[in-house]
There are 2 protein chains.
Amino acid sequence: MPRPSAAGPPPGDAGTSAPPALPTTERGRRMRARLLVAAREVFERDGFLEARVTDISAAAGVAHGSFYTYFGSKTAVFRALVAETMDDLYASMSTRGETGPPDGSPAEVAVHRIDQANRRFVAMYRQNTALMALFEQVTTFDPEVRAQRQAARERNVGRVRHSIEQLQRDGLVAADLDAEYAAHALVAMVNGAVHYWLVLDGDFEEERLVATLTRLWAQALGLPVHA
Amino acid sequence: MPRPSAAGPPPGDAGTSAPPALPTTERGRRMRARLLVAAREVFERDGFLEARVTDISAAAGVAHGSFYTYFGSKTAVFRALVAETMDDLYASMSTRGETGPPDGSPAEVAVHRIDQANRRFVAMYRQNTALMALFEQVTTFDPEVRAQRQAARERNVGRVRHSIEQLQRDGLVAADLDAEYAAHALVAMVNGAVHYWLVLDGDFEEERLVATLTRLWAQALGLPVHA
DNA sequence: GTTGACATTGACGTCGACGTCAACTTAGCT
DNA sequence: AGCTAAGTTGACGTCGACGTCAATGTCAAC
């Protein structure tokens, strides 16, 4: 236990002091990692607003003060958590082309790829449902989290846009379709539908959802659905 | 000014006392309305988290205590505000069929209607951008707001689903398309795209956006786009 | 075994926001 | 005018969360 020393003189404006650097020792890194795990737990259970720094340190099994050795504030841990998760998500999504497409027409191959992407997206979202909901929430008032989110979305949309442009060059999609806006809209469709079902509703048939999403996506681009 | 009386004994748990009833006098109704307007201002400026009850009363030009005559807490005003806005939104959206469709094939009429709905949606969203963003934010931690939101979405999706089913009966849309999931997905597309552009990005060409949305929507349903 | 940089602890002061209430004002009724 | 119920006021006590820091523990290197 700490000494019953004189209490520390508190500052007027909190959160404006030194931004903690990354730990240098192995021990420090472990501590930081434990705090991150604990933070994820507490955030998922209580939400961002109701999460208390005290609870995070307690869940990590360390003293309250130790938290501030690694993170400047509640928002800071959250940002770190989001960054970490986003990296994982996009790493898992860029496993493109791994599963070989079936022998078929170029259009069939394209539809197959869309379907695979949709399935990967749903799976990934399902694994991080709670955090994605929080992400949505914090985005509104933390500019840095908003930037993280926007960057993630740009990356995602960029990939889709390139696919569409490729399909246009191959003559499979009408050339006068605005690839950028279409990419945004289609990403919004999948994102919004999955978000709604997983975060807000929760009662849905995954297979029907994915099948409908793929079909709508393909038809929206003018790709043949059956054949 | 109030008397410098003895300070009131505060309760242990706040917010659990009597839920204020609606005002009975005309004066009371005006006051409540002013508070609602002020609350909207403050929420839009500061966000839900940073909004202070004090600021709301100040903006309304009344004493801090008066706030509690009409609303039990910050969350309570917010709920009232959301309810009010949602009513307005859906009232303005149900002006369906007002503008006569052009003489054309049934499919052309359908596409025309989709376009009009998209335009109305964007306009309505644009007028309430700040509040819609907050709505998103509060949804995550207030069950009641979540319920309001879900109800609003169900109403919206329900209308779309009926349209799709009608088109299926008319033979304009493939009968084996899952109308419910498709409706959800298409609403998510428009909602998500508009939300992204208005709330998160802000730099977009409305005409191109709406045109692309309409085209994707129509093609997704298998409706002819040009002709 | 001693050293010292790094890590850990938890009690503490401070602060901001909240909700209350006793006194006071307003306005409708008789 | 007198009465009363509804509305209004703002100073005040309370509370919870925060971030700090002096004291103490740890461990690798010498």
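A, B, ... follow the sequence lines: proteins, then strands. Residue 1 opens every chain.
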Side-chain atoms of B:S73 come closest, of C:dC18, D:dT8, C:dG19, to C:dG19
Contacts of B:H64 and A:R27 projected onto DNA chain D by closest heavy atom; the upstream (5') one is B:H64
Rounded to whole Å, CZ of A:F71 lies from C1' of D:dT20 at a distance of 18 Å
Within residues 32-48 of chain B, those residues having any heavy atom closer than 4.0 Å to DNA chain D are none
The single option from A:F135, A:F48, A:F71 that satisfies ring pair (Phe, Tyr, Trp, His ring centres under 6.0 Å) with A:F78 is A:F48
Does the salt bridge (charged side-chain N to carboxylate O under 4.0 Å, His left out) test come out yes or no for A:E180 and A:R161, once each step is laid out? CA-CA 6 Å; A:E180 189 187 346; A:R161 203 185 96 217; 5.3 Å; no
> B:T214 and B:N118: side-chain donor and acceptor closer than 3.5 Å?
Replying inline: yes
Walk me through it: do A:R40 and A:E44 pass the test salt bridge (charged side-chain N to carboxylate O under 4.0 Å, His left out)? CA-CA 6 Å; A:R40 191 185 182 108; A:E44 291 186 351; 3.3 Å; yes
Counting only Watson-Crick and G-U wobble pairs with both atom distances below 3.5 Å, the stems of 3 or more consecutive pairs that include DNA chain D are C:1-30 with D:1-30
Whole-Å distance, A:F67 CZ to D:dT20 P, equals 12 Å
Point to revise | Whether B:Y68 and B:H64 hold their rings parallel, tilted or perpendicular, with breakpoints at 30° and 60° | key: perpendicular
To the nearest angstrom, the OH-C1' distance between B:Y68 and D:dG7 comes to 17 Å
Next on the checklist: Do B:Y196 and A:V187 make a side-chain contact, defined as non-hydrogen atoms from C-beta onward lying under 4.5 Å apart?
Outcome noted: no
Between B:T25 and A:R52, whichever has its closest DNA chain D nucleotide further toward 5' is B:T25
When rounded to whole Å, the CD1 to C1' distance for the pair A:I56 and D:dG19 reads 14 Å
What side-chain donor-acceptor pairs closer than 3.5 Å can you find for residues 52-61 of chain A, not counting sequence neighbours?
from: A:R52; atom 1: NH1; to: A:L49; atom 2: O; distance (Å): 3.2
from: A:R52; atom 1: NH2; to: A:E50; atom 2: OE1; distance (Å): 3.4
from: A:S57; atom 1: OG; to: A:V53; atom 2: O; distance (Å): 2.8
from: A:S57; atom 1: OG; to: A:T54; atom 2: O; distance (Å): 3.4

Subject >> Check ion pair A:R119-A:E207 (N to O, under 4.0 angstrom) >> reply: yes
Q. Would B:W197 and A:Y181 count as a close aromatic pair, with their ring centres under 6.0 Å?
A. yes
Between A:R29 and B:K74, the residue closer to the 5' end of DNA chain C by nearest nucleotide is A:R29
Under 4.0 Å between any heavy atoms, over every strand shown, what does B:Y70 touch: base, sugar-phosphate, or nothing? Just pick one.
sugar-phosphate
Between CE of B:M31 and P of C:dT26 the distance, given in whole Å, is 14 Å
Sorted by position of nearest nucleotide on DNA chain C, 5' first, the leading residue of B:V53 and A:G61 is A:G61
**OP:** Give one of base, sugar-phosphate or nothing for A:T69, where a contact means two heavy atoms less than 4.0 Å apart.
**Re:** base
Atom CD of B:E26 and atom P of C:dT26 are separated, to the nearest Å, by 18 Å
